[in-house]
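Read the structure below first, then the notes.
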Amino acid sequence: MDVVVLVKQVPDTESLIQIAEDSVSIKTGDLKWIINPYDEFAVEEALQIRETQGGTVTILSMGPEKATEAIRTALAMGADSGVLINDPMTAGGDALTTAKVLAAALKEIPYDLIIAGQRAVDGDNYQVGSAVAEYLGIPQISLVIKEEIFNGKIRCHRVFEGGTVVVETPFPALFTTQRGLNEPRYASLPGIMKAKKKPLDIKTLADIGIDPAIVGKAGSKTKIKTLNFPSERQAVRMIDGESGAEKAANLVKILHGEIKAI
Amino acid sequence: MAQGVFVVTEQRDGTFRKISYEAVSEGRRLADLLNTNLTAAILGADIATMSGEIKKYGAEKILVADDSGLSEYTTDAYTNVLTDLIEEQDPELIIIGASTQGKDLSARLAARLDAGLVMDCVAIKQTDGGLVFTRPMFGGKVLADVEIAGTPQIVAIRPNVMSIVETPKSATVDRPSVKVGEVKTSVFEKKIETGDKIELTEADIIVSGGRGTGGDFSVIEDLSALLGAAVGSSRSAVDEGWRPHSDQVGQTGKVVSPNLYIACGISGAIQHLAGMSTSKCIVAINKDPEAPIFSKADFGVTGDLFELIPEIIKAIKNMT
Ligand SMILES: Cc1cc2nc3c(=O)[nH]c(=O)nc-3n(C[C@H](O)[C@H](O)[C@H](O)COP(=O)(O)OP(=O)(O)OC[C@H]3O[C@@H](n4cnc5c(N)ncnc54)[C@H](O)[C@@H]3O)c2cc1C
Ligand SMILES: Nc1ncnc2c1ncn2[C@@H]1O[C@H](COP(=O)(O)O)[C@@H](O)[C@H]1O
């Protein structure tokens, strides 16, 4: 089974996000970068699949040269090889243009299964997995918390509001991850050493044969006009009282009488 | 030329999800702003009688795509059928609820139609340059105002944010012919969690517990039952095995926007705030007066949750 994992490098979730001068992007100078947490689940699941099914795990990412760090981390966890699509023409593109680039790159990489995160926690777009599957003409299953492979099919437990549903599909297929799927392993020191020697190809749009006009800013149908900070809440009102009972009564009075929330 | 607003509703086993009413209401509002008509589509099997329920929210036309191949949601079947309906209607704007199903469907649909999609939108306004869609990014740390070029424009709206408004219209109901087309995925089994549990993303009130509960959620469950609320939790409570993953609120859990969010014994880590900061009113109960949650809450109570929550329950019961 050849598995390709789509990995995006994103700012650490603890990061203070600041809006840049152009007001449509964020300042990246001081950020610490990590593998998108949902993509970590994807890498882990791919490694577990390789343990039972054999085959290979390839990491595919699009991004700046710095994104090789995220690929190296996935290689240190145990993936076999990595591909980074690095081209200035992809800059400023929306989720669908990213998916077009990744799908074009996948024409050259053999795969039975593709695993993506449900969303990247920078843009929170929830789109790239579905769109890659559409461009490749393969089925997709989102938000998977468990999968089993047998008889040339994959059976996925997909969560929805208030339940789970078990969906089956033949290969090739794509699924996206949900927390609960697994606990990602850490990269071990020998793993990190080994990762340095694993193949990591860096390719341009020309290498994967995609027209730059349909990607990046030029190819994007959605455009950010401005970024703003959400309006601050008013300062907290601490509820006073001599005793717990009094505080509770005062809180309930406000929630019921004043803001009518209960 | 593309014209009209097209809403994709969501039903499960013959009952509309609440997001459907939000999506049709918002569709009505935008159709009026754009001076155009509103179509609502219902997909499923044995759903012939469902159109009545949606009429009150103001669609002029209701399309009922009723086919046994649509009895359970699959991305392939639903995308195929919707693509046919949309190509036939040629709308300028498509609205879908950003539920788990709607997120999966809208993204596949956008790729198929080569249309721009704004996911998880919390506000839509009209400007001279056209519609502007607001959506949170970076776990809600920033809000982006986004425009979409070309038609159709697709927007998936965040559940529990936009208002439900009744605007009765005399709607025509059509039953278009349905071609489910090539479908590779099949639904094998469906498990619904115990009956009356309220879904976090649809709840009006959420009572959440964190590590401060020490694993004892009984008072949280009591308060929640009294208020008709849903129970949520921090990731720590999930990691400890006290709550299922499906209860987790935050950056790697659910994103919720209830009217009232009561955080009990939760410190207010940035990854937790990412999941609940768009709640309309936030109440924090924490024994540490320095807990960061207080800086993001509207109302704060310091004290032991095991003392305070039973008193709150008593006070609510005394309310007349
Ligand atoms: C990549 C990543 C993703 C993450 N995703 C999420 C996520 O989706 N959701 C999430 O919640 N977290 C997430 N986290 C974890 C997050 O950083 C925090 O560790 C977590 O939210 C802390 O949970 P807590 O507030 O329950 O526990 P703590 O931080 O331990 O806080 C417990 C609080 O309870 C109070 N307390 C204790 N006893 C009592 C009592 N008797 N009465 C009243 N108050 C009491 C304490 O004063 C304290 O403030 C993520 C972390 C990372 C790195
Ligand atoms: N630039 C990228 N390179 C590789 N994979 C990506 C990229 N952007 C998104 N993905 C994948 O698509 C998933 C969903 O991303 P998004 O639609 O941007 O929220 C991520 O979890 C990744 O698996």
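Bear in mind that the values here come from a model prediction, so they are computed numbers and not experimental data. Numbers restart at 1 for each chain; the letters A, B, ... are given by sequence-line order, proteins then strands.
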Next item on the list: Drop me the distance from A:H157's NE2 to B:E189's CD, to the nearest 0.5 angstrom.
Entry: 7.0 Å

Notebook entry, point to check: So, are B:D120 and A:R119 salt-bridged, with charged N and O less than 4.0 Å apart?
Noted result: no

Next item on the list: Tell me, out of B:E182, B:K254, B:K191, who's got the most heavy-atom pairs with chain A below 4.5 Å.
Entry: B:K191

Next item on the list: Measure the CD-OG distance between A:Q178 and B:S246 for me, rounded to the nearest 0.5 Å.
Entry: 9.5 Å

Margin query: Taking side chain as everything from C-beta outward and backbone as N, CA, C, O, which of these in A:Q234 sits under 4.5 Å from a heavy atom of chain B? Side chain, backbone, both or neither.
Written below: backbone

Notebook entry, point to check: How long is the gap from NZ on A:K153 to OG on B:S186, to the nearest 0.5 Å?
Noted result: 5.5 Å

Note to self: Rounded at 0.5 Å granularity, tell me how far CG in B:L143 sits from CZ in A:F229.
What the structure shows: 10.0 Å

Checklist line | Closest heavy-atom pair and its distance - B:F138, A:D124 | finding: N-OD2, 3.4 Å

Next item on the list: Heavy-atom pairs under 4.5 Å with chain A are the metric here; pick the option from B:R112, B:E307, B:K280, B:Q101 that has the most.
Entry: B:R112

Check: Are B:E311 and A:K247 close enough that some pair of their side-chain heavy atoms sits under 4.5 Å apart?
Finding: no

Note to self: Does A:E246, at its CD atom, have more than 12 non-hydrogen atoms belonging to other residues, nucleotides or ligands within less than 6.0 Å?
What the structure shows: yes

Notebook entry, point to check: chain A: which of B:G303, B:A229, B:S99 shares the most heavy-atom pairs with it under 4.5 Å?
Noted result: B:S99

Next item on the list: Considering non-hydrogen atoms only, spot the tightest contact between B:R108 and A:A133 and give its length.
Entry: NH1-CB, 3.3 Å

Item checked: Pairwise side-chain contact, A:R158 with B:Y73, heavy-atom cut-off 4.5 Å (strictly under) -> yes

Note to self: Below 4.5 Å, heavy-atom pairs only: which of A:T169, A:V159, A:N228 has the largest tally toward chain B?
What the structure shows: A:N228

Check: If you count heavy-atom pairs under 4.5 Å between each of A:I138, A:I19, A:V24 and chain B, which one has the most?
Finding: A:I138

Next item on the list: Using a strict cut-off of less than 4.0 Å between a Lys/Arg side-chain nitrogen and an Asp/Glu carboxylate oxygen, indicate whether A:K221 and B:D114 qualify as a salt bridge.
Entry: yes

Notebook entry, point to check: Given side chains that start at C-beta, do those of A:K225 and B:V146 come closer than 4.5 Å, heavy atoms only?
Noted result: no

Item checked: Spatial distance of atom CD (B:E10) from atom CD (A:E161) [nearest 0.5 Å] -> 6.0 Å

Note to self: I'd like to check B:F299 versus A:L251 (side-chain heavy atoms, cut-off strictly below 4.5 Å). Are they in contact?
What the structure shows: yes

Check: Is it the side chain or the backbone of A:D122 that comes within 4.5 Å of chain B heavy atoms, both, or neither?
Finding: both

Note to self: I'd like to know if the side chain of B:T185 pairs up with that of A:E168 as donor and acceptor (distance under 3.5 Å, no hydrogens or angles considered).
What the structure shows: no

Item checked: B:D104 side, atom CG; A:I141 side, atom CD1 - distance, nearest 0.5 Å -> 9.5 Å

Notebook entry, point to check: Do you know which two heavy atoms are closest between A:S15 and B:K141, and how far apart they sit?
Noted result: O-NZ, 2.7 Å

Item checked: Best-contacting candidate, A:L96, A:N250, A:I145, against chain B by heavy atom pairs under 4.5 angstrom -> A:L96

Next item on the list: Could you tell me which portion of A:R233 (side chain, backbone, both or neither) has an atom closer than 4.5 angstrom to a non-hydrogen atom of chain B?
Entry: side chain

Next item on the list: Measure the shortest side-chain to side-chain distance between B:I316 and A:I262 over non-hydrogen atoms and say whether it is less than 4.5 angstrom.
Entry: yes

Checklist line | Contact winner vs chain A - B:R17, B:K314, B:Q248, heavy-atom pairs under 4.5 Å | finding: B:Q248

Next item on the list: Side-chain contact test, heavy atoms from C-beta onward, threshold under 4.5 Å: evaluate it for A:S142 versus B:K103 and give yes or no.
Entry: no

Note to self: Would you say B:Q271 and A:T13 are linked by a side-chain donor-acceptor pair, where the criterion is simply a distance under 3.5 Å?
What the structure shows: yes

Next item on the list: Locate the shortest heavy-atom distance separating A:V236 from B:G300; write the atom from each residue and the value.
Entry: CG2-N, 3.7 Å

Margin query: For a 4.5 angstrom cut-off between non-hydrogen side-chain atoms, does B:I192 reach A:F160?
Written below: yes

Notebook entry, point to check: Contact part of A:P139 toward chain B, heavy-atom cut-off under 4.5 Å: side chain, backbone, both or neither?
Noted result: both

Margin query: Which atoms of A:I259 are under 4.5 Å from chain B, going by heavy atoms: the side chain, the backbone, both sets, or neither?
Written below: side chain

Note to self: Is A:K223 in contact with chain B via its backbone, its side chain, both, or neither, using a 4.5 Å heavy-atom distance?
What the structure shows: both

Margin query: Using side-chain heavy atoms (C-beta onward) and a distance below 4.5 Å, is A:M238 in contact with B:T302?
Written below: yes

Note to self: Among A:V10, A:T226, A:V132, A:T176, which residue has the highest count of heavy-atom pairs closer than 4.5 Å to chain B?
What the structure shows: A:T226

Check: Is any NZ, NE, NH1 or NH2 atom of the basic residue among B:D298 and A:R237 found under 4.0 Å from an Asp or Glu carboxylate oxygen of the other?
Finding: no

Notebook entry, point to check: Are any side-chain N or O atoms of B:E199 and backbone N or O atoms of A:G162, one a donor and one an acceptor, separated by less than 3.5 Å?
Noted result: yes

Checklist line | Part of A:K100 within contact of chain B (heavy atom distance under 4.5 Å) | finding: side chain

Checklist line | Residue among A:G123, A:A131, A:A249 with most heavy-atom pairs under 4.5 Å to chain B | finding: A:G123

Check: Where does A:L227 contact chain B at under 4.5 Å (heavy atoms): side chain, backbone, both or neither?
Finding: both

Checklist line | Between B:P310, B:P244, B:S279, B:P289, the one whose heavy-atom pairs under 4.5 Å with chain A are most numerous | finding: B:S279

Next item on the list: Specify the closest pair of heavy atoms between A:R179 and B:V238, including all atoms of both residues, with the distance to one decimal.
Entry: NH2-CG1, 3.6 Å

